[in-house]
2 protein chains.
Amino acid sequence: MGSLDPSLISGLPVFEGLAATDLDRIVGQARSLRIARDQPVFEQEQEAHSFFLLLDGHVRVVKSTPDGQEVTVRYISPGELMGIAHALGRATYPANAMAAVDCVALAWPSRLWPHFAADYPSFGANTYKVVGSRLQEAHSRVIELATEQVEQRVAHALLKLVNQAGRKTEEGILIDFPITRQNIAEMTGTTLFTVSRLLSAWEDLNLVKGGRQKVTVVAPHQLLLIAEGRARKS
Amino acid sequence: MGSLDPSLISGLPVFEGLAATDLDRIVGQARSLRIARDQPVFEQEQEAHSFFLLLDGHVRVVKSTPDGQEVTVRYISPGELMGIAHALGRATYPANAMAAVDCVALAWPSRLWPHFAADYPSFGANTYKVVGSRLQEAHSRVIELATEQVEQRVAHALLKLVNQAGRKTEEGILIDFPITRQNIAEMTGTTLFTVSRLLSAWEDLNLVKGGRQKVTVVAPHQLLLIAEGRARKS
DNA sequence: GAAATTCTTTGCGCAGGGGCAAATTCGCCA
DNA sequence: TGGCGAATTTGCCCCTGCGCAAAGAATTTC
């Protein structure tokens with residue numbers, strides 16, 4: 001067990017409303033681990049032996065279809081839970097999780113999950129809230145996919161990324177981990193070609209700035225207009 | 001309060017593991033209500049005053065986008081919970097629910113929800129399982145929308161409907177409530193025109209049998225081939 | 001029973017966006 | 001520093017599936 005600063009952890013939403021001593025007991029049972037970039041945190045269909053709290057880095061959660069296509073379910077940011085299969089009533093992980101950059105996480109054996117939920121009601125309630133809000137997110141994505149054009153969806157995806165992992169630079173807001181056109185395509189249900197074309201077009205309009213495995217959003221407000229389908233159609 | 005047969009209710013998954021006396025206390029606090037066809041059960045953005053258990057009928061849950069498009073989130077069948085906004089940490093309903101046929105439901109005031117979850121742990125656990133499985137369903141739909149063609153998605157939708165609300169007839173399996181091409185389109189992110197064309201084509205192949213607000217699946221297995229993209233592409 | 005509504009079908013046109021190939025650029029590693 | 005592999009761009013083609021309009025059934029209403 002490494003030397004983790006509890007003050008960094010106690011402020012997290014997952015632990016809200018938890019007594020300090022309870023927090024200690026929970027965190028005390030975790031092991032901390034480091035995951036190198038491009039290494040899996042857990043894998044689809046594997047037995048869900050652990051659940052995790054990401055402390056640092058970014059994790060890409062991807063579902064693979066039987067025929068080999070991949071769909072990115074979400075990106076995990078620091079402070080978020082992942083691999084909580086047991087909170088969904090599953091014994092296996094529903095997706096692959098890959099470290100997008102070098103990461104640090106806490107891990108608990110899954111068998112502790114029911115005890116935590118029972119012994120520390122606010123922890124239980126908090127994690128169920130997580131599941132609830134992910135359900136709402138998922139519904140939003142269904143609606144986006146069902147009603148929006150590719151251009152809008154890609155714009156939405158960029159804005160989401162920037163809000164959740166944006167870092168200010170002098171050029172604009174940079175997505176703070178390596179991300180390929182293919183990755184963006186997997187988030188939006190399109191192809192890397194179409195994403196590339198869109199980014200090129202937006203770069204011409206000075207809305208974004210591209211780069212290898214890199215996107216910087218220059219004009220978020222304009223992008224929002226596109227995302228909402230309110231952009232002037234040239 | 002009407003005269004409801006508790007034996008019909010005690011077998012439901014939501015109440016699994018619940019002592020008979022606890023079940024009585026829960027059901028005793030419900031009011032039962034009848035909802036006429038095409039009447040709302042609850043409406044998007046309304047304060048979530050109640051949550052419901054559908055006893056009979058079918059309810060269509062639809063989300064409306066700001067620009068007026070509608071996406072069907074799911075169909076509720078007898079025995080299922082609906083309007084459980086509070087289990088998602090919401091104070092308002094996230095969608096519109098319309099009775100697809102005349103329905104009977106139980107309703108509890110939402111403020112009882114936390115008490116139920118606390119006082120009857122298996123009820124709490126069961127409902128969280130519901131949320132968990134709906135999250136998984138939602139992810140499946142995201143994947144379908146992101147990776148499958150319209151033809152596959154419509155085939156999937158029909159099979160889903162038939163599994164959840166199919167009634168055997170001499171012609172095949174009939175979807176047991178009125179459903180329009182438009183409704184199917186809203187489930188699959190396409191247009192009523194495309195759905196109509198697909199159904200016409202499938203009718204020519206004797207896979208389904210259409211009708212006004214009616215669909216009968218004649219050859220589920222063939223339809224499954226289409227749904228999985230394994231149909232011979234003529 | 002006639003009219004009005006609602007749902008469905010189908011033709012026609014076309015654009016959004018996927019697929020593929022080839023060229024190019026970038027970053028890394030030896 | 002030169003070369004290799006991965007990521008990206010772009011051109012070209014074409015097909016899926018949407019939009020619209022108009023016509024045709026099936027129901028409901030008066």
Side-chain angles (χ1 to χ4, degrees), chain A residues 36-38 60 67-71 98 100-101 144-155 157-158 175 177-205 208-216 226 229 231 233-234, chain B residues 36-38 60 67-71 98 100-101 144-155 157-158 175 177-205 208-216 226 229 231 233-234:
Chain A
R37 179 173 166 186
D38 291 333
R60 204 190 321 278
D67 59 310
Q69 296 193 77
E70 311 224 299
V71 178
M98 280 279 262
V101 294
E144 283 187 20
L145 284 163
T147 64
E148 296 180 356
Q149 314 235 107
V150 169
E151 185 179 32
Q152 297 176 267
R153 303 205 302 266
V154 173
L158 288 187
I175 294 167
F177 52 81
I179 185 165
T180 66
R181 307 295 179 262
Q182 174 67 34
N183 290 328
I184 298 173
E186 286 170 4
M187 297 179 69
T188 50
T190 180
T191 63
L192 82 162
F193 306 107
T194 298
V195 172
S196 177
R197 279 184 254 264
L198 284 171
L199 290 184
S200 296
W202 291 341
E203 188 149 9
D204 291 345
L205 297 172
V208 306
K209 177 108 181 32
R212 192 191 175 83
Q213 306 201 42
K214 202 172 65 170
V215 180
T216 303
I226 293 175
K233 48 190 75 173
S234 74
Chain B
R37 179 174 167 187
D38 291 333
R60 204 189 319 279
D67 59 310
Q69 296 193 77
E70 312 223 299
V71 178
M98 281 280 261
V101 295
E144 282 187 20
L145 285 163
T147 65
E148 295 180 356
Q149 313 238 105
V150 169
E151 186 179 32
Q152 296 177 268
R153 302 205 302 266
V154 173
L158 287 187
I175 294 168
F177 52 81
I179 186 165
T180 65
R181 307 294 180 264
Q182 174 68 32
N183 291 329
I184 298 173
E186 287 169 4
M187 297 179 69
T188 50
T190 180
T191 64
L192 82 161
F193 305 106
T194 298
V195 172
S196 177
R197 279 184 253 264
L198 284 171
L199 290 185
S200 296
W202 291 340
E203 187 149 10
D204 291 345
L205 297 171
V208 305
K209 176 109 182 30
R212 188 190 175 84
Q213 306 200 42
K214 203 172 65 167
V215 180
T216 303
I226 293 174
K233 47 190 75 176
S234 72

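Per chain, numbering begins at 1; letters A, B, ... match sequence-line order.
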*So where does chain A start and stop touching DNA chain D, 5' to 3', when the test is distance under 4.0 Å to a non-hydrogen atom?*
dG5(D) to dC12(D)

Among all residues two or more places apart in sequence or in another chain, which pass the side-chain contact (heavy atoms from CB on, under 4.5 Å) test with [X]?
X	answer
Glu148(B)	Glu144(B), Gln152(B), Arg153(B), His156(B)
Ala155(A)	Trp202(A), Leu223(A), Ile226(A), Ala227(A)
Asp67(B)	Thr65(B), Gln69(B)
Arg212(B)	none

*Looking at residues 182-194 of chain B, who's got a heavy atom less than 4.0 Å off DNA chain C?*
Leu192(B), Phe193(B)

*asked:* Over all strands shown, is Arg212(A) touching base, sugar-phosphate only, or nothing at heavy-atom distances under 4.0 angstrom?
replied: base

*Checking all strands, does Ser196(A) fall into the base, sugar-phosphate, or nothing category for heavy-atom contacts under 4.0 angstrom?*
base

*Could I get the full list of ring-ring contact (aromatic ring centres under 6.0 Å, His included) partners for Phe177(A), not counting sequence neighbours?*
His58(A), Tyr75(A)

*So Thr194(A) and Val154(A), side-chain contact (heavy atoms from CB on, under 4.5 Å) or not? Walk me through it.*
CA-CA 10 Å; Thr194(A) 298; Val154(A) 173; 5.9 Å; no

*asked:* Quick check on side-chain contact (heavy atoms from CB on, under 4.5 Å): which of Thr191(A), Thr188(A), Leu198(A) does Val150(A) satisfy it with?
replied: Leu198(A)

*Estimate the overall bend of the helix from dG1(C)-dC30(D) to dA30(C)-dT1(D) from the end axes over five pairs each, rounded to 10 degrees.*
40°

Who pairs with [X] by side chain to side chain donor-acceptor pair (under 3.5 Å), at least two apart in sequence or on another chain?
X	value
Ser196(B)	none
Thr147(B)	none
Thr180(A)	Asn183(A)

*Can you see which heavy atom on Gly211(B) is nearest to which on Arg181(B), and at what distance?*
O-NH2, 3.1 Å

*Closest heavy-atom contact between Met98(A) and Asp38(A)?*
CE-O, 3.3 Å

*First and last nucleotide of DNA chain C, 5' to 3', lying under 4.0 Å from heavy atoms of chain B*: dT6(C) to dC12(C)

*asked:* When you compare the side chain of Ile184(B) with that of Thr190(B), does any pair of heavy atoms fall below 4.5 Å?
replied: no

